[in-house]
Amino acid sequence: MIKSLPERGGNRCQSIALNIDGPAFYSRCTVVKACDDYFSVRAGGTLVHIPYAQVLAVRECKAGIQPNPAFTDSYDVVVTIHQLVVYTGAIGFGVAI
């Protein structure tokens, strides 16, 4: 499905919502290339290559989808990718026995 986006033509079909900045933060991206193993998107001024193995879900609806309720923009295609989150610190508590 993602492979056909660059061939569809028109900015509306190429513009997708992608959680490229974090697990819960969706950004408007433009699909510029789709190969056999990965697809490339332009997010702002950055070109990012994403392997298909990293894609968790693709939602498509011609009426438009809001990735989360805080968004006012709607997209024809919303892509959710796996985000590796590494926590460098820990906050906790200990109990003395």
Side-chain angles (χ1 to χ4, degrees):
M1 200 236 100
I2 295 173
K3 283 184 177 183
S4 67
L5 286 174
E7 299 167 3
R8 289 185 188 182
N11 286 338
R12 180 97 171 122
C13 291
Q14 291 181 351
S15 183
I16 63 171
L18 182 67
N19 65 329
I20 199 165
D21 295 325
F25 305 105
Y26 287 84
S27 302
R28 180 179 299 275
C29 299
T30 303
V31 178
V32 293
K33 185 177 183 182
C35 298
D36 289 336
D37 299 330
Y38 68 94
F39 64 101
S40 303
V41 296
R42 186 167 304 281
T46 306
L47 184 65
V48 181
H49 308 287
I50 300 169
Y52 291 119
Q54 196 173 350
V55 174
L56 296 177
V58 177
R59 294 178 284 164
E60 181 179 21
C61 180
K62 292 187 185 220
I65 301 171
Q66 288 181 323
N68 61 35
F71 279 16
T72 57
D73 292 343
S74 64
Y75 302 89
D76 289 344
V77 179
V78 176
V79 179
T80 304
I81 59 173
H82 174 71
Q83 296 283 336
L84 178 63
V85 179
V86 178
Y87 294 99
T88 58
I91 298 174
F93 62 94
V95 177
I97 298 180

- Residue set satisfying side-chain contact (heavy atoms from CB on, under 4.5 Å) with Ile81, at least two apart, ordered chain then number -> Leu18, Asn19, Ile50, Gln54, Val55, Val79, Gln83

Which pairs would a plain distance check flag for residues 38-49, meaning a side-chain donor or acceptor within less than 3.5 Å of a matching protein atom at least two apart in sequence or in another chain?
residue, atom, partner, partner atom, Å
Ser40, OG, His49, ND1, 2.6

- Any Tyr52 side-chain heavy atom under 4.5 Å of Asp36 side chain: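 A side-chain contact is absent here, since even the closest heavy-atom pair is not under 4.5 Å.
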
- Would you say the side chain of Tyr75 lies within less than 4.5 Å of the side chain of Arg59, judging by non-hydrogen atoms? no

